[in-house]
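Keep in mind that the numbers below use all heavy atoms, side chains included, and drop hydrogens, waters and symmetry copies. Remember, predicted model here, so these are calculated numbers, not experimental data. Proteins come first, then strands; the chains are lettered A, B, ... in the order of their sequence lines, and each starts at number 1.
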Amino acid sequence: MLLSRIAETSQSVASTRSRITKTERLAATIMEMTPTEVLIGVSYLSGRLPQGRLGVGFAAIRDVDVAPAATARLTLTETDSTLTELQATRGAGSKVRRAELLAGLMSAATPEEQTLLFGLLGGGLRQGALDGVMVDALATAFDAPRASVRRAAMLSGNLAGVAEALAMEGPTALERFGLEVGRAVQPMLASTAETASDALAGFAESFVEWKVDGARLQIHREGDDIDVYTRSLRPVTRSVQDIVAKARSIGSTSFILDAEAISLKGDGTPEPFQVTMTRFAKKSAPDTPLHLFVFDALRLDEDLIDLPLRERAARIEAAVPDDFVIPRILTSDPGEAEAFAAAALAQGHEGVMVKDADSLYSAGRRGSAWLKVKPAHTLDLVVLGVEWGSGRRRGYLSNIHLGARDGDGFVMLGKTFKGMTDEMLAWQTVRFQEIETHRDGQVVYVRPEQVVEIAFDGVQRSSRYPGGVALRFARVKGYRQDKKPNEADTLDTVRGYLQT
DNA sequence: TTCATATGCACC
DNA sequence: TTTCCGA
DNA sequence: TCGGAAAGTGCATATGAA
């Protein structure tokens, strides 16, 4: 029902415009909904989508100008306060979580409204999108074990189907859902560890494998049909025909593999991440070949997700050509692990993954069975400006602009909001207004007087910043009260990280 | 028509 | 993607 | 222990200005 509405609205928009965006499509659909439908949809959306992408959709609901992210954020906040009011009527002072709210909405919804909601989940949004909030809400609304709902949704990649089955048949319907070749599965995620030895300490025996700076791929094959998906489950089969060809040479005709794809230079060292990424743009010729590094198998002739990693690895060794398998060792010796990690770094790779050899594949979970270990660098930089935060950081100065010393001045290298505790936020809100020079919109500019220690993963070329370089994954380690700006690191020092 | 800016969407 | 925080 | 919230950069293309 909803799907056909989306199709109709798409066509009418397409007749007047050259291209329609996902948000426009969504907006058009939302505008035709009844208030109840909007309430259900919006309460889901407000907890679900990244902020910046909602601009057009929410602007349309509120009938305000289609305008930049600022409008979207404002509108999103309004939506939030509407929800808060709703919550307040339920219980004085008691906080109602979004999942509870949603569960209540679903239970109270008419069959027509439920159909719309499930349609929204399955077709209106990203295919296969999954959300902890939704799983929670479904479990509560239909009185099913949370873990079972989660597992069914993760493995089938079909949240809408799970929701519908729960509504029609109840919790017993969950047993039907399992792995399906051709249907992308939420990939297993990793936590972080400081060093390879630290990571190793938690496991009886560990696989230590290269962590390459590429793109994660999930490769499905059933007979002659091969499909490739990104980490976010976007199908990219057409862009990566060289990967498809490699997959075809694997000694099995029914599999689901978890792998990394990366462009390497002639000497085997990695190309910058941006080079790999251009292969995944909509229109790009495969002029830079992608290497394939398989590191896990959810299925190889039979389902493997409930077998330990050591067994899955053995099956991979037997079926996948060595060239396509991630270099790794099985060990419990910290020295061996550290040496392997050092060698990976020497090859130019990011670091290593350390994985519990006895762990099962838990789709979509960020557990501690997989640990990523990458060395962090630090720099002492100078704060050039700060932006007012939003959401839970409203009223605080949050996102800081970072500068490196260059001659007598400072050159901006990027921004960061990561690594700040609530205490630091409170402190910097006062501090940066003390050294404020002027304001422009959300930005408070300051005299370059405050030094901050910044951790980062690497330096990349940038067309955005005047120094031609930007920091990758910059986060605050702490403010340096003991250093003067003229002791901060220089632009040349930063550029020095480009090669390594 | 060309160039610059804005926007959407992808990812680590 | 990293980090902090609350349930 | 888990998941939400905070917002990053780069590239391609659509739109607006010259």
Side-chain angles (χ1 to χ4, degrees), chain A residues 17-24 46-57 66-69 71-73 76 80 94-100 126 130-136 146-147 150 189-192 211-217 230-234 236 239 260-262 272-284 350 362 364-368 372 374 376 387-394 396 398-402 413-425 442 454-465 469-477:
Chain A
R17 285 277 206 79
S18 56
R19 182 185 144 201
I20 44 170
T21 65
K22 285 181 189 175
T23 36
E24 280 175 314
S46 66
R48 177 70 194 78
L49 291 179
Q51 289 185 357
R53 309 200 183 160
L54 284 180
V56 181
V66 173
T71 310
R73 246 176 248 166
L76 191 57
D80 271 343
S94 71
K95 266 203 168 179
V96 181
R97 290 187 308 128
R98 282 203 171 107
E100 291 178 83
R126 297 183 227 168
L130 176 67
D131 185 8
V133 170
M134 272 311 303
V135 168
D136 243 18
R146 203 170 153 255
R150 176 179 199 113
L189 306 173
S191 300
T192 55
K211 182 177 193 323
V212 302
D213 189 15
R216 190 163 179 185
L217 295 181
T230 62
R231 186 208 133 119
S232 58
L233 312 190
R234 185 171 68 102
V236 288
S239 306
E260 194 83 8
I262 183 174
F273 175 70
Q274 285 126 303
V275 174
T276 296
M277 271 315 299
T278 54
R279 281 295 309 276
F280 294 90
K282 287 213 170 64
K283 281 183 187 173
S284 97
E350 267 193 312
S362 38
R365 307 299 296 278
R366 187 183 300 284
S368 49
K372 63 181 123 182
K374 23 180 197 180
E387 295 174 21
W388 289 104
S390 63
R392 74 181 296 278
R393 293 195 181 183
R394 176 170 296 272
Y396 292 96
S398 173
N399 198 8
I400 58 176
H401 296 191
L402 303 169
L413 295 175
K415 308 178 186 179
T416 186
F417 59 93
K418 290 173 180 157
M420 293 158 182
T421 61
D422 288 1
E423 195 183 355
M424 287 164 82
L425 284 165
Q442 290 289 101
I454 297 292
F456 62 100
D457 282 13
V459 172
Q460 59 193 4
R461 290 189 192 287
S462 169
S463 54
R464 181 185 303 242
Y465 289 110
V469 290
L471 301 181
R472 200 151 173 228
F473 309 140
R475 61 261 186 196
V476 174
K477 294 308 272 185

Practice task
Calculate, to the nearest 0.5 Å, the distance between atoms OG1 and CG belonging to A:Thr276 and A:Asp213 respectively.
Solution key: 7.5 Å
Exercise for the section: Output yes when at least one side-chain N/O atom of A:Arg393 is less than 4.0 Å from OP1 or OP2 of C:dC5, else no. Expected result: no
Problem - Lys/Arg N to Asp/Glu carboxylate O, A:Glu260 vs A:Lys211, below 4.0 Å - result: no
Exercise for the section: Kindly say whether A:Ala474 contributes a backbone atom to a donor-acceptor pair with the side chain of A:Thr416 at under 3.5 angstrom? Expected result: yes
Exercise for the section: Send over the distance from A:Phe417 CZ to D:dA7 C1', rounded to a whole Å. Expected result: 3 Å
Exercise for the section: Classify the nucleic acid contact of A:Lys372 as base, sugar-phosphate or nothing, counting any heavy atom under 4.0 Å across all strands shown. Expected result: sugar-phosphate
Practice task
Using whole Å, report how far CD of A:Gln460 lies from C1' of D:dC11.
Solution key: 12 Å
Handout entry: Below 4.0 Å: OP1/OP2 of B:dC11 and any side-chain N or O of A:Thr230
Key = yes
Exercise for the section: Answer yes or no: does a side-chain N or O of A:Arg464 lie under 4.0 Å from OP1 or OP2 of D:dG10? Expected result: yes
Completion exercise
Applying side chain to side chain contact (heavy atoms under 4.5 Å, CB included) to A:Phe417 and not counting sequence neighbours gives A:Arg393, A:Ser398, A:Asn399
Practice task
Please determine if a side-chain N or O atom of A:Asn399 lies less than 4.0 Å away from the OP1 or OP2 oxygen of D:dG8.
Solution key: yes
Problem - Separation of atom CZ in A:Arg392 from atom P in C:dT3, rounded to whole Å - result: 16 Å
Exercise for the section: Mind checking A:Phe456 for me? I need base, sugar-phosphate or nothing, with any heavy atom below 4.0 Å counting as a touch. Expected result: nothing
Exercise for the section: Under 4.0 Å between any heavy atoms, over every strand shown, what does A:Ser462 touch: base, sugar-phosphate, or nothing? Just pick one. Expected result: sugar-phosphate
Exercise for the section: Let me see the working for A:Ile262 and A:Arg279 under side chain to side chain contact (heavy atoms under 4.5 Å, CB included), right down to the final yes or no. Expected result: CA-CA 10 Å; A:Ile262 183 174; A:Arg279 281 295 309 276; over 6 Å; no
Exercise for the section: Return the nearest nucleotide to the side chain of A:Glu387; candidates are D:dG8, B:dA10, B:dC12. Expected result: D:dG8
Problem - Check against side chain to side chain contact (heavy atoms under 4.5 Å, CB included), A:Phe456 and A:Arg472 - result: CA-CA 6 Å; A:Phe456 62 100; A:Arg472 200 151 173 228; 5.9 Å; no
Problem - Pair A:Glu350 + A:Lys374, salt bridge at N-O below 4.0 Å - result: yes
For nucleotides 2-4 of chain B, list the nitrogen or oxygen atoms of the protein found under 3.5 Å from its nitrogen or oxygen atoms, one pair per line.
none

Exercise for the section: Round to the nearest Å and state the distance from A:Asp422 atom CG to C:dC5 atom P. Expected result: 5 Å
Problem - Euclidean distance, atom CD of residue A:Glu260 to atom C1' of C:dT1 [Å, nearest integer] - result: 13 Å
Problem - Residues forming a ring-ring contact (aromatic ring centres under 6.0 Å, His included) with A:Phe273, sequence neighbours excluded - result: none
Exercise for the section: Looking at every strand, decide which applies to A:Lys374 at a 4.0 Å heavy-atom threshold: base, sugar-phosphate, or nothing. Expected result: sugar-phosphate
Handout entry: Distance, C1' atom - from C:dT1 to B:dC9, rounded to whole angstrom
Key = 16 Å
Practice task
Could you check whether A:Lys418 gets within reach of a base, just the sugar-phosphate, or nothing at all, counting any heavy atom under 4.0 Å?
Solution key: base
Practice task
Can you figure out which of D:dG3, B:dC12, D:dA7 approaches the side chain of A:Arg150 most closely?
Solution key: D:dG3
Problem - Nucleotide D:dA6, atom C1' - distance to CE of A:Met424 in whole Å - result: 14 Å
Exercise for the section: Name the closest nucleotide to the A:Thr421 side chain, picking from B:dC12, C:dC4, D:dG8. Expected result: C:dC4
Completion exercise
note: A:Arg394, atom CZ; D:dA6, atom P; distance rounded to Å ~ 9 Å
Exercise for the section: With heavy atoms under 4.0 Å as the rule, sort A:Arg475 into base, sugar-phosphate or nothing. Expected result: sugar-phosphate
Exercise for the section: State whether the number of non-hydrogen atoms from other residues, nucleotides or ligands found under 6.0 Å of A:Tyr465 atom OH is greater than 12. Expected result: yes
Practice task
Give a yes/no on whether any side-chain N or O of A:Tyr396 is located under 4.0 angstrom from OP1 or OP2 of D:dA6.
Solution key: no
Practice task
Rounded off to whole Å, could you give me the CE-to-C1' distance for the A:Met277 and D:dT9 pair?
Solution key: 11 Å
Problem - Closest-nucleotide ordering on DNA chain C, the 5'-leading residue of A:Phe473 and A:Met420 - result: A:Phe473
